[in-house]
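Working notes, beginning with the structure itself.
In this text the structure is predicted, and so the values were computed from the model without any measurement. Below, each value reflects all heavy atoms present in this structure, side chains not excepted, and no hydrogens, waters or symmetry copies.
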Amino acid sequence: VDYDILILALGARARRLEAPGADLAGVLELRDASDADRLKAALVPGRKLVVVGGGYVGLEAAASARALGCEVVVVEREDRLLARVASRPLSDFFAAHHAVQGVEILTGATVAGFEGKDGAVNGVRLSDGRTIPCDVALVGIGGVANVELARDAGLACADGVVVDLEARTEDPAIFALGDMTHRPMPLYDRNFRLESVPNALEQAKQAASAIVGRNPPAGEVPWFWSDQYDLKLQIAGVPFDADQIVVRGEGGAAPLAVFHLREGRVLAVEAVNAPAEFMGGRVLIAKGVQVDIGRLADVSIPMKSLITA
């Protein structure tokens, strides 16, 4: 198929857990709609789900499984949930909330393999010798960018296909966007691979503008979200090289916002049922101005006044 312009939008795939028994029936992953359908069909009331990985995918699945009447155990190899993607105050908050909802959380636990009977999983074996009985196991340990086609074509890759602010690769006729790209992040003076719907939309606008010769879209502060139970987590920015954390709200209850700063400037905000802090944080990140730390922590002071200040 000949082309003038080629766009690669191949996304990412679920990272596989290389462990004995990983190919048993009932060991699932969650990346696309068909994965979601298989998981939902397996989560009938009374069944026991073991989630391997305490990241956002795992915790969202745990919340949904509890709502469907399943027992849930989350196994995380790090010493806390969300260890690679969230602050400790946010990790502690979600761990406490899941525990209240009846989820058993095992941190510092490594999976050694999966046990099965008649070809179907019936247990998750840990490296310390324990086996956790289950009817279903969900592996949620991150994603891997689908770069094979780009790499075979000779395009530069670095944990994703390397692109510029037009979403253009080394080949001027080839663009790439979404989860598969390693893209510039001007706000943070670095390149990084983001996995989010807003990121894919922003890069789609960049590519379309470049292809038709229009001015590039305005740069956007990266943002993400996660829905668990009655909690809506909204995150703006990425806390690269943060040197201070400011918690706005009571640590054990929502609304709660955790601000990440460097030299008094907001780099990122994690907001739970706190839309004003999320939106205000996005503005402060974009402005790159120093803020009054005391006022930022004071919930009696509206975010709007911090922005105008």
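Without hydrogens or angle criteria, Asp179 side chain to Glu195 main chain gives no donor-acceptor distance under 3.5 Å. Put simply, the side chain of Asp128 never gets that close to the backbone of Ala109: no donor and acceptor are under 3.5 Å apart. A donor-acceptor pair under 3.5 Å is formed between the side chain of Lys287 and the backbone N or O of Ile307. Remark: the backbone N or O of Arg47 is not paired with any side-chain donor or acceptor of Asp135 at under 3.5 angstrom. Checking side-chain atoms of Asn273 against main-chain N and O of Lys232 turns up a donor-acceptor pair under 3.5 Å. Looking at Tyr188, its side chain does come within 3.5 Å of a backbone N or O of Leu267 through a donor-acceptor pair. At least one donor-acceptor pair under 3.5 Å links the side chain of His182 to the backbone N or O of Ala158. In this structure, Arg80 contributes its side chain and Ser87 its backbone to a donor-acceptor pair below 3.5 Å. With hydrogens and angles disregarded, a donor-acceptor distance shorter than 3.5 Å links the side chain of Ser91 to the backbone of Leu81. Panel note: side chain Ser305, backbone Ile301; no donor-acceptor pair is recorded below 3.5 Å.
Residues Val147 and Ile174 share a hydrophobic cluster, clusters being chains of Ile/Leu/Val/Met/Phe/Trp/Tyr side chains in contact below 4.5 Å. Val74 and Val27 fall into different hydrophobic clusters, where Ile, Leu, Val, Met, Phe, Trp and Tyr residues are linked whenever their side-chain heavy atoms come under 4.5 Å apart, directly or through other members. By the criterion of side-chain heavy atoms lying less than 4.5 angstrom apart, applied directly or through intervening Ile, Leu, Val, Met, Phe, Trp or Tyr residues, Trp225 is not grouped with Leu233; the two fall into different hydrophobic clusters. Linking Ile, Leu, Val, Met, Phe, Trp and Tyr whenever their side-chain heavy atoms come within less than 4.5 Å puts Leu256 and Val266 in one cluster. Hydrophobic clustering of Ile, Leu, Val, Met, Phe, Trp and Tyr side chains at less than 4.5 Å, counting indirect connections, keeps Val299 apart from Met279.
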| task | Check the pair Met185 / Asn191 against side chain to side chain contact (heavy atoms under 4.5 Å, CB included), numbers first and verdict last. | result | CA-CA 6 Å; Met185 299 182 67; Asn191 285 20; over 6 Å; no

| task | Give the C-alpha distance, both sets of side-chain angles, the deciding distance and a yes or no for side chain to side chain contact (heavy atoms under 4.5 Å, CB included) between Phe94 and Val272. | result | CA-CA 10 Å; Phe94 274 100; Val272 182; 4.1 Å; yes

| request: May I have the step-by-step check of side chain to side chain contact (heavy atoms under 4.5 Å, CB included) for Leu43 and Leu49, ending in yes or no? | output: CA-CA 8 Å; Leu43 297 180; Leu49 168 70; 4.2 Å; yes

| said: Set out, in order, the CA-CA distance, both residues' side-chain angles and the distance that settles side chain to side chain contact (heavy atoms under 4.5 Å, CB included) for Val73 and Val124, then state yes or no. | reply: CA-CA 10 Å; Val73 178; Val124 177; over 6 Å; no

| task | Mind running salt bridge (Lys or Arg N to Asp or Glu O under 4.0 Å) on Arg190 and Asp241 for me, showing each step along the way? | result | CA-CA 11 Å; Arg190 70 181 66 204; Asp241 304 322; 2.6 Å; yes

| task | Show your working on side chain to side chain donor-acceptor pair (under 3.5 Å) between Asp298 and Ser300 and close with a plain yes or no. | result | CA-CA 5 Å; Asp298 189 345; Ser300 69; 2.6 Å; yes

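Taking CD1 of Ile132 as the reference point, atom CZ of Arg130 lies at 6.5 Å (rounded to 0.5 Å). Distance check: Arg77 CZ to Leu126 CG gives 14.0 Å after rounding to the nearest 0.5 Å. Note that CZ of Phe114 and OG1 of Thr131 are 11.5 Å apart. Values are rounded to the nearest 0.5 Å. The CD1 atom of Ile285 lies 9.5 Å from the CG atom of Leu261; values are rounded to the nearest 0.5 Å. Taking CE of Met180 as the reference point, atom CG of Asn146 lies at 7.0 Å (rounded to 0.5 Å). In this structure, CG on Leu82 lies 11.5 Å from CZ on Arg88, to the nearest 0.5 angstrom.
Centroid-to-centroid, the aromatic rings of His98 and Tyr229 come within less than 6.0 Å. With ring centers used as reference points, Tyr56 lies 6.0 Å or more from Phe224.
Heavy-atom neighbours of Lys205 NZ from other residues, nucleotides or ligands within 6.0 Å: at or below the threshold of 12. Counting heavy atoms of neighbouring residues, nucleotides and ligands inside a 6.0 Å radius, atom CG of Asp37 exceeds 12 of them. Counting non-hydrogen atoms of neighbouring residues, nucleotides and ligands closer than 6.0 angstrom, the CZ atom of Arg125 exceeds 12 such neighbours.
The pair Arg248-Glu270 fails the salt-bridge criterion, with no side-chain N (NZ, NE, NH1 or NH2) lying under 4.0 Å from an Asp/Glu carboxylate O. Between Glu29 and Arg38 no salt bridge is recorded (no basic side-chain N to carboxylate O distance below 4.0 Å). Using a 4.0 Å cut-off between charged nitrogen and carboxylate oxygen, Lys40 and Asp35 do not count as a salt-bridge pair. A salt bridge links Asp159 and Arg193; the closest N-O separation between the charged side-chain nitrogens and carboxylate oxygens is under 4.0 Å. Remark: Asp32 does not engage Arg13 in a salt bridge, criterion side-chain N to carboxylate O under 4.0 Å.
Just one of Val162, Ile7, Leu155 meets the side chain to side chain contact (heavy atoms under 4.5 Å, CB included) condition when paired with Thr169; it is Leu155.
Side chains of Val258 and Phe93 form no contact here, defined as non-hydrogen atoms less than 4.5 Å apart.
Ala22 and Leu17 get closest at one heavy-atom pair: CB-O, 3.5 Å.
A donor-acceptor contact closer than 3.5 angstrom is absent between the side chains of Glu78 and Thr107. No side-chain donor from either of Arg214 and Ser209 sits under 3.5 Å from a side-chain acceptor of the other.
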